[in-house]
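Worksheet: the structure to be examined is printed underneath.
Order of the sequence lines sets the chain letters (A, B, ...), proteins ahead of strands, with each chain counted from 1.
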Protein chains: 4
Amino acid sequence: MPTQKQPTQSPATSPVARKQKKPPAPPSPERRAELLGIAAEVFAEQGYNATTVRKIADAAGMLAGSLYYHFDSKESMLEEILRTFLTELWDGYDAVLAAPLGPRETLEALVTESFREIDRHRAAVAIYQKESRHLVTQTRFEYLLESQRRFEKTWLTTLERGVSDGVFRADLDVRLTYRFVRDTVWVAASWYRPGGGHSPEEIARQYLSMVLDGIAVRA
Amino acid sequence: MPTQKQPTQSPATSPVARKQKKPPAPPSPERRAELLGIAAEVFAEQGYNATTVRKIADAAGMLAGSLYYHFDSKESMLEEILRTFLTELWDGYDAVLAAPLGPRETLEALVTESFREIDRHRAAVAIYQKESRHLVTQTRFEYLLESQRRFEKTWLTTLERGVSDGVFRADLDVRLTYRFVRDTVWVAASWYRPGGGHSPEEIARQYLSMVLDGIAVRA
Amino acid sequence: MPTQKQPTQSPATSPVARKQKKPPAPPSPERRAELLGIAAEVFAEQGYNATTVRKIADAAGMLAGSLYYHFDSKESMLEEILRTFLTELWDGYDAVLAAPLGPRETLEALVTESFREIDRHRAAVAIYQKESRHLVTQTRFEYLLESQRRFEKTWLTTLERGVSDGVFRADLDVRLTYRFVRDTVWVAASWYRPGGGHSPEEIARQYLSMVLDGIAVRA
Amino acid sequence: MPTQKQPTQSPATSPVARKQKKPPAPPSPERRAELLGIAAEVFAEQGYNATTVRKIADAAGMLAGSLYYHFDSKESMLEEILRTFLTELWDGYDAVLAAPLGPRETLEALVTESFREIDRHRAAVAIYQKESRHLVTQTRFEYLLESQRRFEKTWLTTLERGVSDGVFRADLDVRLTYRFVRDTVWVAASWYRPGGGHSPEEIARQYLSMVLDGIAVRA
DNA sequence: CATGAATGAGGTTTCATTCAT
DNA sequence: AATGAATGAAACCTCATTCAT
């Protein structure tokens with residue numbers, strides 16, 4: 001006895017296909033995106049677990065229950081936030097990787113692209129940093145693992161290419177270097193404020209300068 | 001079959017010391033420390049909010065309520081974990097700062113000391129990284145703020161001294177460099193596993209090499 | 001078998017209005033008051049501490065957690081019950097005190113008003129009697145202390161005026177008399193049942209007769 | 001199968017009657033009484049339910065668990081406190097009732113005796129006032145009900161005798177008068193402090209003066 | 001007698017979620 | 001789309017009680 005069939009029982013009485021009753025109107029994508037943005041802010045600020053749906057609703061100027069018109073659950077909001085971010089992140093990375101660049105230029109482009117993503121998805125990045133570790137244990141978030149593996153492979157390959165080509169130092173532990181660069185870049189999301197003094201490109205340049213040449217004055 | 005006779009019956013007949021008879025009356029402070037260690041692991045693994053006291057109790061082999069014989073609340077466990085860590089951290093830092101070192105040596109010593117603290121207090125550091133941002137808003141955790149401020153001042157001073165002395169590059173944004181170094185070091189807690197291949201000192205050396213001289217091959 | 005049809009089916013066929021269909025959307029304040037009334041009964045019956053929120057919820061036909069939609073805590077329910085009572089009590093007292101009455105008439109009017117309050121707020125009075133002593137130690141309930149002090153002053157003044165005017169005996173300890181009258185009146189809440197044989201005014205008359213003229217036959 | 005027989009099982013092995021193991025020494029009655037006194041104070045002060053055994057133990061300078069060497073349970077402490085009080089109360093009342101007194105003298109003697117009991121068992125009386133209502137529902141405390149009934153009968157009889165004899169006013173509701181006198185007397189336990197300015201006999205005299213002759217100046 | 005540690009039941013509270021309106 | 005009210009599971013915490021030492 002499917003719930004949705006109910007309207008079909010008396011279709012003759014209503015010849016005009018009037019808006020279905022149960023999902024009265026597919027919640028507008030714009031509103032969804034708006035609400036997800038708000039939710040992401042709160043998640044990033046307070047942590048996913050510490051964020052109650054009531055806090056999100058407050059921030060959105062509605063009541064907690066009303067969110068369920070737009071989303072299945074609190075978790076699905078989180079999922080959509082992270083998935084959206086990762087999708088766009090890989091769009092950017094893929095564009096970089098498709099270009100015929102040397103290892104050093106690739107690294108520079110990846111870092112720059114990363115800061116651009118931080119600029120656009122600051123909240124999502126912050127959430128990712130804080131929550132991904134324990135989310136990956138849930139089947140629903142397995143795609144995080146895939147992304148992580150691809151990410152690691154991308155960076156390791158780039159670094160190794162650089163070492164082979166003689167543009168990166170060979171005396172460093174590549175895994176350690178990978179973590180070093182990765183953390184260095186992404187942790188910025190915890191303090192970066194879009195619209196602050198620095199553009200993503202500027203920050204990228206400074207970071208690259210440090211990472212590539214070090215902070216010590218050359219002998 | 002009196003329970004009390006058991007030890008007298010086969011002290012020598014059971015060659016295997018099964019499960020280490022717990023000392024007759026373990027003085028409170030040691031048990032506290034033991035339990036705090038367990039709690040810290042769980043907090044670090046799952047996040048403070050996602051950790052239920054039941055999980056901690058399970059890990060400690062007791063019932064949830066029993067924890068309250070030793071601690072006032074879940075929060076007070078967190079507090080004690082972080083406070084203990086910060087106290088020891090500053091003991092180490094103060095020793096470094098008291099020594100008559102140049103800015104570069106100071107930076108090297110601070111980084112090395114930091115990795116030693118990560119080695120000793122991995123869980124606490126991980127917790128600190130994840131939770132401090134929203135904890136500082138609570139009066140109970142205001143001491144985190146003080147520590148942060150002192151921390152920042154210490155590092156900024158060291159970096160500025162280095163720039164003045166001409167041992168650090170003058171073309172870098174000092175605040176950005178501070179964050180760079182800070183994050184670089186502490187995020188290591190999220191993947192560092194004591195007893196793994198690298199000693200804290202080795203890791204410190206590699207990190208310092210990267211931070212000071214960069215990863216690019218010198219022109 | 002739509003649930004909604006039920007009212008339309010037999011609105012007139014059921015002569016007995018069974019259990020008073022609750023209004024479609026009872027505005028919050030009324031529901032609050034209703035629930036507070038229920039809670040007050042249970043508190044009065046079993047004592048505040050012995051009353052579990054589950055008992056209140058049972059009495060209200062809901063689940064324990066549901067109460068928290070309306071109230072912050074069990075304690076805040078108690079607070080609101082007592083505060084409401086005291087507010088109305090003082091409204092009544094103030095009206096009496098504003099009238100140009102002699103001390104004996106004032107005393108009579110205060111006693112009568114008191115019995116009326118017992119009639120209207122029996123549960124709250126009983127709770128007040130049982131719990132106020134240890135509640136006053138909590139800052140949240142400091143207003144009870146203020147009320148008590150004002151209460152005492154009001155009665156002492158009235159009694160003293162009566163002694164000065166020669167309508168009350170001068171050979172009695174005024175403080176003792178105050179306690180005597182006070183207790184005599186309020187303890188009635190512990191056995192008074194509204195709708196019983198006596199109206200508040202009748203009880204007041206009898207009490208006043210005893211208090212003013214004694215129970216002994218005049219010599 | 002009396003518990004105490006257990007040691008008789010191996011009497012031959014220990015020719016010397018050494019202190020029994022299980023109940024190592026029947027807890028001394030003096031210590032019991034002392035602890036009960038302390039418990040009564042705390043019960044009276046905070047209410048039975050709000051009193052934790054830890055609070056009692058604190059007041060007694062011991063740990064919560066240690067109380068269980070002396071008493072079976074928190075409830076049994078309460079029971080013993082109330083039973084002791086009621087036993088002594090009825091000893092006093094019975095002595096009064098055995099004397100060949102007229103109704104007015106009986107009433108005076110009962111009231112005086114009551115204030116003496118309040119003087120000796122203030123805490124117990126206060127507890128009785130606060131808790132008896134809901135205790136009587138438990139089988140363990142049924143004796144409270146019996147006492148109450150006997151109490152009521154005693155007083156009603158005395159009052160009725162007085163009315164018959166023409167020493168008490170006939171125009172009063174006897175039940176109401178009973179409650180009036182009863183409450184008037186016992187509520188005093190809530191503010192009475194032994195060793196204060198008034199002896200029990202003095203207070204009794206004042207109370208009797210008010211109850212018998214009223215507070216109004218005789219016309 | 002008393003302690004230190006633990007148990008286990010139950011209490012208050014929180015919160016994601018549902019649903020009729 | 002959103003509200004208001006409620007659910008139910010699970011969380012934190014309390015506390016009477018037990019027991020080996």
Using the side-chain contact (heavy atoms from CB on, under 4.5 Å) rule, take D/H134 and D/N49 through it: C-alpha gap first, then chi angles, then the decisive distance, then the call.
-> CA-CA 12 Å; D/H134 68 266; D/N49 277 292; 4.0 Å; yes

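- Every residue two or more places apart in sequence or in another chain that forms a side-chain contact (heavy atoms from CB on, under 4.5 Å) with D/A39 is listed here: D/F43, D/I56, D/M77, D/I81.
- In this view, D/E142 satisfies the side chain to side chain donor-acceptor pair (under 3.5 Å) rule with no residue, not counting sequence neighbours.
- Nucleotide F/dA11 holds its C1' atom 15 Å from the CD atom of B/Q46, rounded to whole Å.
- We find the CZ-CG distance between B/R140 and B/L135 to be 10.5 Å, quoted to the nearest 0.5 Å.
- Under a 3.5 Å cut-off, the side chain of B/K55 and the backbone N or O of B/A50 do form a donor-acceptor pair.
- Put simply, CD on D/E34 is 10 Å from P on E/dC1, counting in whole angstrom units.
- Residues from residues 59-71 of chain C that place a heavy atom under 4.0 Å from any atom of DNA chain E, listed by number: C/G65, C/Y68.
- Between A/R83 and A/E80 there is no salt bridge, since no side-chain nitrogen of the basic residue lies less than 4.0 Å from a carboxylate oxygen of the acidic one.
- The NZ-P distance, from A/K74 to E/dC15, rounds to 9 Å in whole Å.
- A heavy atom lying under 4.0 Å from DNA chain E marks the following residues of residues 48-58 of chain C, by number: C/T51, C/T52, C/V53.
- Distance B/R31 CZ to E/dG4 P: 15 Å, rounded to the nearest Å.
- Using a 4.5 Å heavy-atom cutoff, the side chains of C/E45 and C/V42 are not in contact.
- Residue pairs that meet the ring-ring contact (aromatic ring centres under 6.0 Å, His included) test with at least one member in residues 51-76 of chain C, sequence neighbours left out, do not exist here.
- For B/L78 and F/dA11, the CG to C1' distance is 17 Å, given to the nearest whole Å.
- Remark: C/D58 CG to C/R54 CZ distance equals 4.5 Å, nearest 0.5 Å.
- The backbone N or O of A/Q46 sits nowhere less than 3.5 Å from a side-chain atom of A/K130 that would complete a donor-acceptor pair.
- Using five terminal pairs a side, the axes of the helix from E/dA2-F/dT21 to E/dT21-F/dA2 at its two ends make an angle of 20°, given in steps of 10 degrees.
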Could you check B/E131 against B/L82 for side-chain contact (heavy atoms from CB on, under 4.5 Å), going step by step and ending with a plain yes or no?
-> CA-CA 10 Å; B/E131 316 290 350; B/L82 292 179; 5.8 Å; no

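- At least one side-chain nitrogen or oxygen of B/S28 sits closer than 4.0 Å to the OP1 or OP2 atom of E/dA5.
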